[in-house]
Amino acid sequence: MRDDVSPAQFAFPPITPALEARMNIHQSFLANIRATIAELGTDGILPADLDTSKISAEPPREAGHGDISTNAAMVLAKSAKMQPRDIAEHLAARLGALDTVTEVKVAGPGFINLTLAAHKWRGILADILNTGTAYGDSDFGGGAKVNVEYVSANPTGPLHVAHARGAVIGDALAKLMAKAGFDVTTEYYINDAGAQVEALARSAHLRYREALGEDIGEIPEGLYPGDYMIPVGAALAAEYGDAFKEADEASWLTLFRDFAIERMMDTVKADLSALGIEQDVFTSERDLVDAGAVEDMFSSLDQKGLIYTGVLEPPKGKKLEDWEPRPQTLFKASEFGDDVDRPLKKSDGSWTYFANDIANHYDKFKRGFPIMVDIFGADHGGYVKRMKAAVTAISGGAADLDVKLCQMVHLKKDGKPLRMSKRAGNFVTLRELIDEAGRDVVRFIMLTRKQDSQMEFDLDKVLEQTRDNPVFYVQYAHARCRSVLRNAAELFDDDELTLAALAGADMTSLDDPAEMELIKQMASWPRLIDSAAEAREPHRVAYYLHDLAECFHGLWNKGKDDARLRFIHEDDKVRTLARLALVQSVATVISSGLKVFGVTPVEELR
RNA sequence: GCGCCCGUAGCUCAGUUGGAUAGAGCACCUGAUUCCUAAUCAGGGGGUCGUGAGUUCGAAUCUCGCCGGGCGCGCCA
């Protein structure tokens, strides 16, 4: 595949001022490097039309290696048939002549390390202040339509902690991708068509009889025993009196089911709302089925020749006493990377959950989403391959499904693990978690770990106001910024402290390494957004914010030793305004990051 | 038995998609407050990146085999 790519495809557009304005500092430098390589090609020093697509321009891991490091020479060495160091020397000579570059060094196997002029960095502050929390927005996604489906919990009870992580990750991922230039729709798929919602209906009927004065005793196995069903029964009793008390199940099942589902979805939505989540679209599995979406899906797969009747092998190693070979209606999932073919119909002829879910994804595809992301719990890991296979098949390869599995969260309190078990009746609801820890804390902490690794949620620690608690640490940095700006308001008129006014401040007095480091940290925010959105890993934002806060706290404390670094200088307005621009920028970037998380930045911590 | 995920400091976890001497917090040790919030900061000790091979200029990262943990495995959703 890679072999038939012609060099012409590696051409990058010329850099116009308009284009440069939309690029972050590393992208724009990468463009400079490519242009220089093209020049060297024209001048016959390097072969023409080299593939520059794999070249990167990144901040080096080591601070001593300058501001921007590129691997260009090493990447080109093979196709140019030259030594990396030689290419590096040629490149370095030309890059060093740029007026934004103050120092250039060739190091190691052929890295080119560039140091940029201070004015280039200071210019970032004006960008930040002029853009506000939109700083970091990019067109990386190119407006591509993306559907992010998350939570999608069964409408049979309130959400519990296990849902919290997926909810927060899905929501933050959606916001992250929107910031990176995708056209994002958030969605909840309501599983309201299976046997479990009938069990819900029966549970509601029991509670209804209870509300009418009957002693219902123990809730039978298989029904939902939770107290949250009591008000549902009461509401049914108020609505219908004793009309269905002794009636045949057939007369009330549908009615009670729909009533209970609606009530459950109301509580689910209220729970999500308490977390600050409001999804764009709620799709009902039952509505899809009623609209014939499953038949559509089925005939589409059938036309592609992907449906057949067959008998599956019994799974090895797992004991199934009641196993007997049966012919089933199967989808050829194994042609698309799944391990075996998967049944679409049950033996009674009704559709499987999987069949309905294919219809759900087919429907999303037809609504115009070539990119779909599903957030699932880790217990659905075995379902991923077949769903991805189905999306590939049903869309003819035109749609891509990415499934993010969220590992479990272990709650801890008083130093002890809080075991959750529905059976024991002590499971923690999402609402209880929010009441205990607070919305912002729950959201932030859930985003401090990669989604596919298990995490610990220590209810005591997350409420501590110490460095150990990343939420606090980041919020504290923001609060400190606001505190400085409040104090400054006593020395300046309001119109001197607007974002626009600060953007126009004379920044030349910002020259200390600690100040420059802070600016460089903020300069990498757009880059972080793109890479986090590409990897679809919102947790990277949490680490970025922690690093930014650390950088700021460090500068703050240096002001204790070195009065020059203090932000407010009553006798020097120009100096002060430059630092206020810096402080306001930090507050803005932190706000921008917290916005991705749906967390509110605080003015002060008391 | 098979598939997927994970394995990094005593603990909880990062690691910019293959880059330079592997990082942060907690815990432990040392220091900083007449000062914009010390709820903070500066410094120190602490590692066979589970393990063995392979791929290449270069591997915690990619491939394969083991070891250990989690999840799943026909008509549950």
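Proteins get letters first, then strands, A, B, ... in listed order; numbering begins at 1 in each.
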Legend entry - Rounded interatomic separation in angstrom, taking NZ from A/Lys385 and P from B/C73: 15 Å
Legend entry - 5' precedence on RNA chain B between A/Asp561 and A/Glu603 (nearest-nucleotide basis): A/Asp561
Legend entry - Nucleotide B/U37, atom P - distance to CZ of A/Arg486 in whole Å: 8 Å
Legend entry - Presence of A/Lys450 side-chain N/O under 4.0 Å of B/C5 phosphate oxygens OP1/OP2: no
Inset, instruction - Once you apply the 3.5 Å cut-off to both distances, tell me the Watson-Crick or G-U wobble partner of B/U48, or none. - result: none
Legend entry - Near-ring test A/Phe111/A/His65, centroid separation under 6.0 angstrom: no
Legend entry - Nucleotide forming a Watson-Crick or wobble pair with B/A24, both distances under 3.5 Å: B/U12
Legend entry - A/Tyr150 (side chain) donor-acceptor with A/Val168 (main chain) under 3.5 angstrom: no
Inset, instruction - Could you check whether A/Ala535 gets within reach of a base, just the sugar-phosphate, or nothing at all, counting any heavy atom under 4.0 Å? - result: base
Inset, instruction - Could you tell me which nucleotide pairs with B/C2 by Watson-Crick or G-U wobble geometry, both distances under 3.5 Å, or answer none if nothing does? - result: B/G72
Inset, instruction - Name the nucleic acid region contacted by A/His546, choosing base, sugar-phosphate or nothing; use a 4.0 angstrom heavy-atom cut-off, strictly under. - result: sugar-phosphate
Inset, instruction - Quick one: label A/Lys558 by what it contacts on the DNA or RNA (base, sugar-phosphate, nothing), any heavy atom closer than 4.0 Å. - result: nothing
Legend entry - Presence of donor-acceptor pair under 3.5 Å, side chain of A/Ser69 and base of B/A20: yes
Inset, instruction - Please state how far atom CG in A/Asp357 lies from atom P in B/A77, giving the value in whole angstrom units. - result: 12 Å
Inset, instruction - Quote, to the nearest angstrom, the C1' distance that separates B/A27 from B/U12. - result: 11 Å
Inset, instruction - Say whether A/Tyr476 and A/Arg480, considering side chains only, have a donor N or O and an acceptor N or O under 3.5 Å apart. - result: yes
Legend entry - hbond_proxy A/Arg527 side chain to B/U16 base (donor-acceptor, 3.5 Å cutoff): yes
Legend entry - Short side-chain N/O contact from A/Tyr543 to OP1 or OP2 of B/U12, under 4.0 Å: no
Inset, instruction - Report which part of the nucleic acid A/Arg480 touches: base, sugar-phosphate, or nothing (heavy-atom distance under 4.0 Å, all strands). - result: sugar-phosphate
Legend entry - Whole angstrom value for the distance that separates C1' of B/C35 from CG of A/Leu555: 15 Å
Inset, instruction - Output yes when at least one side-chain N/O atom of A/Trp556 is less than 4.0 Å from OP1 or OP2 of B/A38, else no. - result: yes
Legend entry - First encountered from the 5' end of RNA chain B, between A/Gly381 and A/Gly108: A/Gly108
Inset, instruction - Remember a base hit wins even if backbone is also touched, and classify A/Glu534 as base, sugar-phosphate or nothing at under 4.0 Å, heavy atoms. - result: base
Legend entry - Atom P, compared across B/A24 and B/G45: separation rounded to whole Å: 12 Å
Inset, instruction - With the side chain of A/Gln407 defined as its heavy atoms from C-beta on, choose the nearest nucleotide among B/U40, B/U17, B/G70. - result: B/G70
Legend entry - Residue A/Tyr473, side-chain atoms from C-beta onward, closest of B/C36, B/C41, B/U37: B/C41
Inset, instruction - Give me the ring orientation class for A/Phe376 and A/His380: parallel if the planes are under 30° apart, tilted from 30 to 60°, perpendicular past 60°. - result: tilted
Legend entry - Pairwise P distance for B/G58 and B/C6, with rounding to whole Å: 26 Å
Inset, instruction - Give the nucleotide from the list B/U40, B/G74, B/U12 with an atom nearest to the side chain of A/Arg449. - result: B/U12
Inset, instruction - Check whether any side-chain N or O of A/Lys346 sits under 4.0 Å from OP1 or OP2 of B/A77, and answer yes or no. - result: yes
Inset, instruction - Check whether any side-chain N or O of A/Ser483 sits under 4.0 Å from OP1 or OP2 of B/C36, and answer yes or no. - result: no
Legend entry - Separation of B/C13 P from A/Asp452 CG (nearest whole Å): 12 Å
Inset, instruction - On the 0 to 90° scale, with breaks at 30° and 60°, tag the A/Phe354-A/Tyr383 ring pair as parallel, tilted or perpendicular. - result: perpendicular
Inset, instruction - Using the P atoms only, state how far B/G19 lies from B/A60, rounded to an integer number of Å. - result: 10 Å
Inset, instruction - Answer with base, sugar-phosphate or nothing: what part of the nucleic acid does A/Arg342 contact at a heavy-atom distance below 4.0 Å? - result: nothing
Legend entry - Backbone N/O of A/Ala532 and side chain of A/Arg536: donor-acceptor pair under 3.5 Å: no
Inset, instruction - Between B/C62 and B/G68, how far apart are the C1' atoms? Round to whole Å, please. - result: 22 Å
Inset, instruction - Indicate, with a heavy-atom threshold strictly under 4.0 Å, whether A/His539 touches base, sugar-phosphate, or nothing. - result: sugar-phosphate
Inset, instruction - Would you mind classifying the nucleic acid contact of A/Ala488 as base, sugar-phosphate or nothing, using non-hydrogen atoms under 4.0 angstrom? - result: nothing
Legend entry - A/Leu548 CG - B/U16 C1' separation (whole Å): 16 Å
Inset, instruction - Verify the contact: side-chain N or O of A/Asn487 to OP1 or OP2 of B/U37, cut-off strictly under 4.0 Å; return yes or no. - result: yes
Inset, instruction - Scan A/Phe354 against the nucleic acid and name what it touches under 4.0 Å (heavy atoms): base, sugar-phosphate only, or nothing. - result: nothing
Inset, instruction - Identify whether any heavy atom of A/Pro109 sits under 4.0 Å from a base atom; if not, whether one sits that close to sugar-phosphate; answer base, sugar-phosphate or nothing. - result: base
Legend entry - Aromatic ring of A/Phe111 stacked on base six-ring of B/A20, 5.5 Å, 30°: yes
Legend entry - Integer angstrom distance from the P of B/G25 to that of B/U40: 12 Å
Inset, instruction - Confirm from the modelled atom types if A/Asn113 and B/A20 form a donor-acceptor pair under 3.5 Å, side chain to base only. - result: yes
Inset, instruction - Assign A/Ser56 to base, sugar-phosphate, or nothing according to its heavy-atom contacts below 4.0 angstrom with the strands shown. - result: nothing
Inset, instruction - Starting from C1' on B/G3, measure out to CD on A/Glu313 and report it in whole angstrom. - result: 16 Å
Legend entry - Below 4.0 Å: OP1/OP2 of B/A38 and any side-chain N or O of A/Lys560: yes
Legend entry - Spacing between A/Ile55 atom CD1 and B/U17 atom P, to the nearest angstrom: 14 Å
Inset, instruction - Give A/Asp562 one of three labels, base, sugar-phosphate or nothing, depending on what nucleic acid heavy atoms sit under 4.0 Å from its own. - result: nothing
Legend entry - A/Val602 to A/Arg482 - nearest heavy-atom pair and separation: O-CG, 4.3 Å
Inset, instruction - With a 3.5 angstrom cut-off on both distances, give the Watson-Crick or G-U wobble partner of B/A42, or none if there isn't one. - result: B/U30
Legend entry - Separation of the P atoms in B/G44 and B/U61, to the nearest angstrom: 28 Å
Legend entry - Nucleotide forming a Watson-Crick or wobble pair with B/G7, both distances under 3.5 Å: B/C67
Inset, instruction - For the residue pair A/Ser334 and A/Asp341, confirm or rule out a side-chain donor-acceptor distance under 3.5 Å. - result: yes
Inset, instruction - Using a 90° cut-off around 0 for syn, call B/U8 syn or anti. - result: anti
Legend entry - Where A/Ile375 and A/Cys406 come nearest, the two heavy atoms and their spacing: CG2-SG, 3.5 Å
Inset, instruction - Under 4.0 Å between any heavy atoms, over every strand shown, what does A/Glu490 touch: base, sugar-phosphate, or nothing? Just pick one. - result: nothing
Legend entry - Proximal nucleotide (of B/G15, B/G74, B/G72) relative to the A/Asp379 side chain: B/G72
Legend entry - Spacing of the C1' atoms in B/A53 and B/A59 (rounded, Å): 13 Å
Legend entry - A/Pro343, nearest nucleotide to its side chain (from B/A77, B/G74, B/U40): B/G74
Inset, instruction - Using modelled atom types only, decide if a donor and an acceptor are shared between the side chain of A/Asp338 and the backbone of A/Lys385 within a distance under 3.5 Å. - result: no
